[in-house]
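One structure below.
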Amino acid sequence: MSTGKRAGSRKGAPQPRTLNKAALLIGAAITLCVVAWGYLVYAAIDFGTAARGGSGSSAWAFMALACLGAMACLFAGLLLVARLMRALGITAPPPSDDAPPRPVGGKRAAR
């Protein structure tokens, strides 16, 4: 065994990776939102085709509801993507309100 400054590594064994259950749950919810969005877009197209064919005013109402539902699913999915980014550590949470306000001109103006 050699001795000296750089004789051996001081690092310990790497820790085993644990399953991030929050990220897994958010990922499943994103998948559900995307599948629901796709189905609602398909339904809106189908109802729109039926409404233009003269099926009646109920087809127009169902098409409008399917469009609103598709928009809500897409919006919820995008919000969940932002939460997934935070759960994975890609983005940081917003700064807390407890921090002192920054000077207007920066460090130089504060002197």
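When a residue number appears, it is its place in the shown sequence, counting from 1.
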Non-hydrogen atoms of N20 and A87 that approach each other most closely: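 Looks like ND2-O, 3.2 Å.
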- request: Kindly give the heavy-atom pair with the smallest separation between T91 and A82, and that separation in Å.
  value: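 The pair with the smallest heavy-atom distance is OG1-O, 4.4 Å.
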message: Side-chain heavy atoms nearer than 4.5 Å, only ILVMFWY residues, links allowed to pass through others: does that put L74 and V41 together?
response: yes
message: Check for me, please, whether L80 and V34 land in the same ILVMFWY cluster - side-chain distances under 4.5 Å, paths through other members count.
response: yes
Gap separating the [atom1] atom of [X] from the [atom2] atom of [Y], nearest 0.5 angstrom:
| X | Y | atom1 | atom2 | result |
| --- | --- | --- | --- | --- |
| C67 | I45 | SG | CD1 | 9.0 Å |
| I26 | M85 | CD1 | CE | 12.0 Å |
| L84 | I90 | CG | CD1 | 7.0 Å |
| W37 | Y42 | CH2 | OH | 15.0 Å |
| R83 | L88 | CZ | CG | 13.5 Å |
| L40 | D46 | CG | CG | 12.5 Å |

- prompt: Can you check whether R52 reaches W60 side chain to side chain, under 4.5 Å on heavy atoms?
  reply: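 A side-chain contact exists here, since the closest heavy-atom pair is under 4.5 Å.
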